[in-house]
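Computed from a predicted structure; not experimentally measured. Just follow the structure's listing: the first ligand is 1, and inside any ligand the first atom is 1.
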Amino acid sequence: PKIAMIGAGQVGSTAAHLIAKKELGNLVLLDIDAGMAQGKALDIAEAGPVDGFDVAVTGTDDYAEIAGSEVVVITAGLARKPGMDRAELLRNNVEIVAGIAREVARHAPEAYVIVVTNPLDAMVCTVKEVTGFPAHRVMGMAGVLDSARMRRFIAEELGVSGKDVTAMVLGGHGDRMVPVRGSSTVGGIPITELLPADRLDAIVERTRHGGGEVVELLKTGSAYYAPGASITEMVESIVRDQGRIRPVAAHLQGEYGVSDLYIGVPAIIGAGGVERVVEIRLTQAEREQFDASVEAVRNLIAEARA
Ligand code: NAI
């Protein structure tokens with residue numbers, strides 16, 4: 001298959017390298033800065049002989065080259081700077097992402113689209129509206145990353161492998177995300193049996209601010225290794241039809257009592273894109289947090305449309 005990465009910045013190029021390493025498909029990196037896309041593509045291709053991959057990696061600023069892509073990942077836009085709220089990115093990124101969505105609809109009308117640009121929930125909604133693609137073909141990456149952070153923090157706390165930790169983070173991407181304790185396990189054991197409530201509270205709080213924690217340390221930009229890995233997992237689940245259940249920004253049409261809104265929920269990701277949204281049981285408190293998150297996302301989208 002062919003995979004197009006729109007935006008060859010930190011996140012786009014990191015994801016592209018991981019996708020190439022797994023040989024998930026031939027890659028086209030597209031950026032408004034053609035030299036950046038070509039330079040990163042060349043650099044990644046040159047890692048191939050050492051890393052042991054043979055896929056083609058090219059860079060361009062010409063949308064004609066994304067024709068025939070099975071998956072298009074959108075990472076173009078401005079990244080969050082220290083002290084900058086996700087909402088502040090809105091005005092710039094909505095314009096950038098709408099422009100990209102028009103090109104994707106024209107040149108890769110059959111593609112599955114994974115949106116990464118922040119503020120995530122509003123950007124996915126923009127792509128769905130502008131492309132007119134069916135809902136199962138447009139999704140947002142955020143929950144895989146947020147839950148990866150929670151998994152890492154739990155693993156650190158318990159001194160176990162993060163591979164054995166599962167976690168589910170629902171809701172919008174931001175400080176209002178809803179980590180679901182009942183769906184977090186370690187080696188199949190419910191997390192609530194292994195960690196006292198106050199330790200778990202601290203982990204949930206750290207997860208909510210996981211993106212900001214990296215931003216504060218880096219000072220020059222935002223996270224890209226864990227985001228790149230999270231994008232790669234989603235692309236793999238589509239092109240290899242794995243059917244993994246992951247939290248993804250999906251278009252709700254009645255699930256969770258919510259209609260016509262993109263928000264993070266568990267879903268089966270496979271060759272059909274978002275194949276099914278999975279409804280899990282929430283506690284009363286989690287339900288209230290989820291509803292608050294829905295409200296926040298609706299406000300964000302209203303602001304994006306204004
Ligand atoms: P970056 O600044 O390194 O890369 C962005 C790239 O987009 C640049 O190379 C820029 O030239 C390109 N670009 C800008 N306008 C464009 C246009 N109109 N067409 C094509 N390319 C264009 O930023 P980084 O760190 O790669 O982050 C990218 C986005 O991903 C940001 O919005 C960031 O907030 C978001 N992000 C989202 C995450 C999530 O969980 N959903 C996680 C991490 C980042």
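- Ion pair Glu70/Lys2 not flagged as a salt bridge, since none of the NZ, NE, NH1 or NH2 atoms sits closer than 4.0 Å to an Asp/Glu carboxylate oxygen.
- Using a cut-off of 4.0 Å between Lys/Arg side-chain N and Asp/Glu carboxylate O, Glu156 and Arg206 are scored as salt-bridged.
- For Glu95 and Arg91, the salt-bridge test fails: no basic side-chain N is under 4.0 Å from an acidic carboxylate O.
- Of all the atoms in ligand 1, the ones that sit under 4.0 Å from a non-hydrogen atom of Met36 are 9 (O).
- Contact atoms of ligand 1 toward Leu145: 40 (O), 42 (C) (distance under 4.0 Å to a heavy atom of the residue).
- Electrostatic pairing of Arg208 and Glu205 counts as a salt bridge here, judged by a charged N lying under 4.0 Å from a carboxylate O.
- Of all the heavy atoms of His173, the ones lying under 4.0 Å from any atom of ligand 1 belong exclusively to the side chain.
- Per-residue contacts place Ala223 under 4.0 angstrom from the following atoms of ligand 1 (heavy atoms of the residue considered): 43 (C).
- Looking at Ala76 against ligand 1, both its backbone and its side chain come within 4.0 Å, counting heavy atoms.
- Figure legend: Arg137 and Phe133 shown as a cation-pi pair, the cationic atom lying under 6.0 angstrom from the six-membered ring centre and within 45 degrees of its axis.
- Considering each of Val116, Asn93, Asp33, Ile32, the one bringing a non-hydrogen atom nearest atom 37 (C) of ligand 1 is Val116.
- At a cut-off of 3.5 Å, with distance as the only test, no side-chain donor of His17 or Asp43 sits close to an acceptor on the other residue.
- Rounding to the nearest 0.5 angstrom, the gap separating the CZ atom in Arg246 from the CE atom in Met234 is 10.5 Å.
- Considering each of Leu78, Val215, Ile74, the one bringing a non-hydrogen atom nearest atom 31 (C) of ligand 1 is Leu78.
- In this structure, a donor-acceptor pair under 3.5 Å is absent between the side chains of Asp121 and His173.
- With a 4.0 Å heavy-atom cut-off, ligand 1 is reached by no atom of Ser230.
- Counting heavy atoms under 4.0 Å from ligand 1, residue Ile96 touches it through the side chain alone.
- Short contacts between ligand 1 and Met141, defined as distances under 4.0 Å to a heavy atom of the residue, involve ligand atoms 39 (C), 40 (O), 41 (N).
- Where the criterion is an N or O separation shorter than 3.5 Å, residue side chain and backbone included, Asn118 meets it with respect to ligand 1.
- Considering backbone and side-chain atoms alike, Gln10 places an N or O below 3.5 Å from some N or O of ligand 1.
- Salt bridge absent: Lys40 and Asp33 never bring a charged side-chain N and a carboxylate O closer than 4.0 Å.
- Here is the list of ligand 1 atoms found below 4.0 Å of a heavy atom in Pro227: 42 (C), 43 (C).
- Looking at Asp31 next to ligand 1, an N or O pair under 3.5 Å apart turns up.
- His107 and Tyr63 have parallel rings, their planes meeting at less than 30° on a 0 to 90° scale where 60° marks the start of perpendicular.
- Of the N or O atoms in Val11, one or more lie within a sub-3.5 Å distance of an N or O in ligand 1.
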